[in-house]
Amino acid sequence: MIQFDHIVQDPEGLHARPAGKLVKFAQACNSEIRILSGEKTASAKKLFAVMGLGIKQGDTITLLVEGENESPDCEKLKAFCKESI
């Protein structure tokens, strides 16, 4: 398992549009991807779970990547986060 932290930069936080992009990205990965925000955790492959975390601009989230392709998936996810959320 690989994990990294990301500070959400989007002024609206992780609202519907960026959450949808994140879910679509996560669903294309072979690895399991989970998001931790405070005391809450959710699968990055489920839109309502991601939106239910209530992530705002400036929040630090931890992303956990686990699976056979975790290294390449994690690197792609880091790049995605920097560009999109």
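Quick note: residue numbers are just sequence positions, from 1.
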The reported gap from OG in Ser43 to CD in Gln27 (rounded to nearest 0.5 angstrom) is 8.5 Å

With the 4.5 Å side-chain cut-off for hydrophobic clustering, are Ile2 and Phe80 part of the same group? no

Output for pair (Thr62 OG1, Asp5 CG), nearest 0.5 Å, gives 4.0 Å

Hey, does Leu14 have a side-chain heavy atom less than 4.5 Å from the side chain of Leu22?
yes

Just checking Lys78: does its NZ atom have more than 12 heavy atoms from other residues, nucleotides or ligands closer to it than 6.0 angstrom? yes

Closest heavy-atom pair, Pro18 versus Ser84, reported as atoms and distance to 0.1 Å, is CB-O, 4.2 Å

Of all heavy-atom pairs linking Val50 and Ala19, the shortest is CG1-CB, 4.0 Å

dist Ile35:CD1 -> Leu63:CG (nearest 0.5 Å) comes out at 5.5 Å

> How about Phe4 and Leu64: do any of their side-chain heavy atoms sit closer than 4.5 Å?
Replying inline: no

Given Asp59 and Ile7, is the side chain to side chain contact (heavy atoms under 4.5 Å, CB included) satisfied, shown in steps? CA-CA 6 Å; Asp59 287 355; Ile7 299 172; over 6 Å; no

Check whether any side-chain N or O of Ser31 sits under 3.5 Å from a backbone N or O of Ile33 as a donor-acceptor pair, and report yes or no. no

Rounded to the nearest 0.5 Å, the CZ atom of Arg34 sits from the CD atom of Glu66 at a distance of 10.0 Å

Original post:
Given the rule that I, L, V, M, F, W and Y join up when any side-chain heavy atoms are under 4.5 Å apart, are Leu36 and Met1 in one cluster?
Top reply: yes

Nearest heavy-atom contact between Leu53 and Lys40 is CD2-CB, 3.4 Å

So CD1 of Ile85 and CD of Gln57: to nearest 0.5 Å the spacing works out to 12.5 Å

Determine yes or no for a side-chain-to-main-chain donor-acceptor pair under 3.5 angstrom, with Glu12 supplying the side chain and Asp10 the backbone.
no

Distance col, row Lys24:NZ vs Cys29:SG, nearest 0.5 angstrom, shows 13.0 Å

